[in-house]
2 protein chains.
Amino acid sequence: MAERAAGSGVQSVERAFELLELITAAGGEVMLSELAASTDLPLPTIHRLLRTLMAKGYIRQLANRRYALGPGLIRLGTAASTQLGALAGAQLRSLVDQLGETANMAVLDADMALYIAQAPSKHSMRMFTEVGRRAHTHATGVGKAILAQLGDDAVRAIMARTGMPRPTTMSIGTVDDLLADLARIRERGYSIDDGEQEIGVRCFAMAVPDAPTPTAISVSGPVSRVDDAFAERAIPVLRAAAHSISSDLNPVA
Amino acid sequence: MAERAAGSGVQSVERAFELLELITAAGGEVMLSELAASTDLPLPTIHRLLRTLMAKGYIRQLANRRYALGPGLIRLGTAASTQLGALAGAQLRSLVDQLGETANMAVLDADMALYIAQAPSKHSMRMFTEVGRRAHTHATGVGKAILAQLGDDAVRAIMARTGMPRPTTMSIGTVDDLLADLARIRERGYSIDDGEQEIGVRCFAMAVPDAPTPTAISVSGPVSRVDDAFAERAIPVLRAAAHSISSDLNPVA
DNA sequence: AACTAACTTCCACAATGCGAAATAACGTGG
DNA sequence: CCACGTTATTTCGCATTGTGGAAGTTAGTT
């Protein structure tokens, strides 16, 4: 095999995670020989790695001999999600302090926007999105900010897989309309959800630059408060928060 | 080192996951030397494994040189959660078909009950718990069924970490009351949430035997429908579903 | 029952991962 | 600002671990 550079990784660990990613990409369930075809690794090598993952519950073998992701990954995943949420918590609370409306952070996960952190506003009537909830990307501010970081082909593929349900009459319903909106978002530097997820609620969202996974933050509230004047105040503050989170995610200068 | 048995795992992969679990257990953030103390592995070995995990985003290094879980684990975790949810889906739908009330499945995750699957009933008024939502274990049927699988010391430790908020006046508020209820649950073989999470809602839940992580399923609805007669019908059906899911999770005879 | 496909185990071999030693970087107190 | 202790990172010789071809086993299909 190619000589491995000093300072590079541990091959077996890389291979193990490659298998986990392949199983995830395949919908969570595969045959060993499918993994062999995807990786060019020999069957005994794959088997040994899977056996290691099975022993600790990261992989399960189904009755039909196929391999599936195991529950051991759930706690790692939610711990990671909590960690990232905690990292952003201070920035989101600062957004709420400055703008007075609820702030959220979401990541792209399995083609959906996964909310991983929230700082609620003090208003009695406020947006409440549960951490852990997943929403369609095309119908949310954070979702569109996330999609705007991807290429059109990737966006088309995601829409093909998830469909484009319309929570409200304001929701975008076609891929072409979505791509046009994403172009505007890229030009403007932020996304707007104008009653697309919920009538009467407006949301401004922005991508977190250089996040290890597509990530966005947002502020949202009723249109009576989240108006154009609010937008003028919010955009610079949102941008600063996004960059601050980006710096926290990427501490190397 | 001890000679490794034939058919055992890949040491490097085991070590890598051990480190991930230790970081998770430590709250998601550690120093390299803390990992060394916990594992007795030499620093260069730990460093090489962490470097491998960092390269693919499963680990991040913070500005303070500590190591944290990375976003790469989130998609593995949610994919695993979805997989398990899909596995139970058929059984939960069968429960709904037979009993007419909403069925849920949850796993213990970071001291909370994480809902990973649901089959809603056809009633207009029905329980709706979002998949991905986490609830306190002491105040839900699935949570108490999960806790009943643990020892009293483990339960005390969890309650110490999470606290015991009382969503309703019916909620259990002390560890002693909880332990007493858990003893009854173990004896009876199922748990009951009688308005503890939400007034007017009753829930029957049962542990899934031999699940790789503490897991429980439940049926729930308004007390007007979920009465004692319902319980008599529900308990055997719930038990059968729990065992069926257990068999699906553990295909080896 | 026979055949085929897929999975699992064995084992000789050498490449990878190991870990002691050395070096580098960071934080703190004077 | 500097010295020092602590923590992290890199190097490299070595041998243990992981590799993968061959063979054996199991499950599904005809």
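Everything numeric in this text was worked out from a predicted model, so none of it was measured.
Taking side-chain N and O atoms only, A/Gln61 has a distance below 4.0 Å to OP1 or OP2 of C/dT8. Between B/Tyr67 and the phosphate of D/dT7, there is no side-chain N or O to OP1/OP2 separation shorter than 4.0 Å. Note on B/Thr45: every side-chain N or O is 4.0 Å or more away from OP1 and OP2 of C/dC18.
Counting any heavy atom pair closer than 4.0 Å across all strands shown, A/Ser12 reaches sugar-phosphate atoms only and no base atom.
Out of D/dG18, C/dT8, D/dT11, the shortest distance to the side chain of B/Pro44 is found at D/dT11. Checked against C/dC18, D/dG20, D/dA8, the side chain of A/Arg15 finds its nearest nucleotide in D/dG20. Distance from the side chain of A/Arg48 is smallest to D/dT19 among D/dT19, C/dT9, C/dC7. Nearest to the side-chain atoms of B/His47 among the listed nucleotides C/dC7, D/dG18, D/dT10 stands D/dT10.
Between B/Gln11 atom CD and C/dC18 atom C1' there is a gap of 9 Å when expressed in whole angstrom units. Rounded to whole angstrom, the span from the CG atom of A/Leu53 across to the P atom of D/dG18 amounts to 13 Å. Atom pair A/Leu50:CG and C/dA6:C1' shows a separation of 14 Å (rounding to whole Å applied). The distance between atom CZ of B/Arg65 and atom C1' of C/dT28, rounded to the nearest whole Å, is 14 Å. Between A/Leu41 atom CG and D/dG18 atom C1' the separation is 12 Å, expressed in whole Å. Rounded to whole Å, atom C1' of D/dG18 lies 12 Å from atom CD of B/Glu14. In this structure, B/Leu49 places its CG atom 9 Å from P of C/dG17, rounding to the nearest Å. Straight-line distance from the CD1 atom of A/Ile46 to the P atom of C/dA6: 13 Å, rounded to whole Å.
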Residues 23-35 of chain A side chain polar contacts: donor-acceptor under 3.5 Å, at least two apart:
| unit_1 | atom_1 | unit_2 | atom_2 | d |
| --- | --- | --- | --- | --- |
| A/Thr24 | OG1 | A/Leu20 | O | 2.9 |
| A/Glu29 | OE2 | A/Arg66 | NE | 2.9 |
| A/Glu34 | OE1 | A/Met31 | N | 2.8 |

N/O donor to acceptor pairs below 3.5 angstrom from side-chain atoms of residues 153-161 of chain B, sequence neighbours left out:
| unit_1 | atom_1 | unit_2 | atom_2 | d |
| --- | --- | --- | --- | --- |
| B/Arg161 | NE | B/Asp111 | OD2 | 2.7 |
| B/Arg161 | NH2 | B/Asp111 | OD1 | 3.1 |

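Annotation: side chain to side chain contact (heavy atoms under 4.5 Å, CB included) contacts of B/Ala117 (sequence neighbours excluded): B/Leu92, B/Met105. Qualifying side chain to side chain contact (heavy atoms under 4.5 Å, CB included) partners for B/Arg93, counting only residues two or more places apart in sequence or in other chains: B/Ala90, B/Ala119.
Under the ring-ring contact (aromatic ring centres under 6.0 Å, His included) criterion, the residue pairs touching residues 57-87 of chain B are A/Phe17-B/Tyr58, with sequence neighbours excluded.
Nucleotides of DNA chain C nearest to B/Pro42 and A/Arg66 differ in position, and the one nearer the 5' end is that of A/Arg66.
Salt-bridge check for B/Asp152 with B/Arg186: passed, with a basic side-chain N closer than 4.0 Å to an acidic carboxylate O. A salt bridge links A/Arg75 with B/Glu21: the closest approach of a Lys/Arg side-chain nitrogen to an acidic carboxylate oxygen falls below 4.0 angstrom.
Scanning residues 27-40 of chain A for heavy-atom distances under 4.0 Å to DNA chain D yields an empty list.
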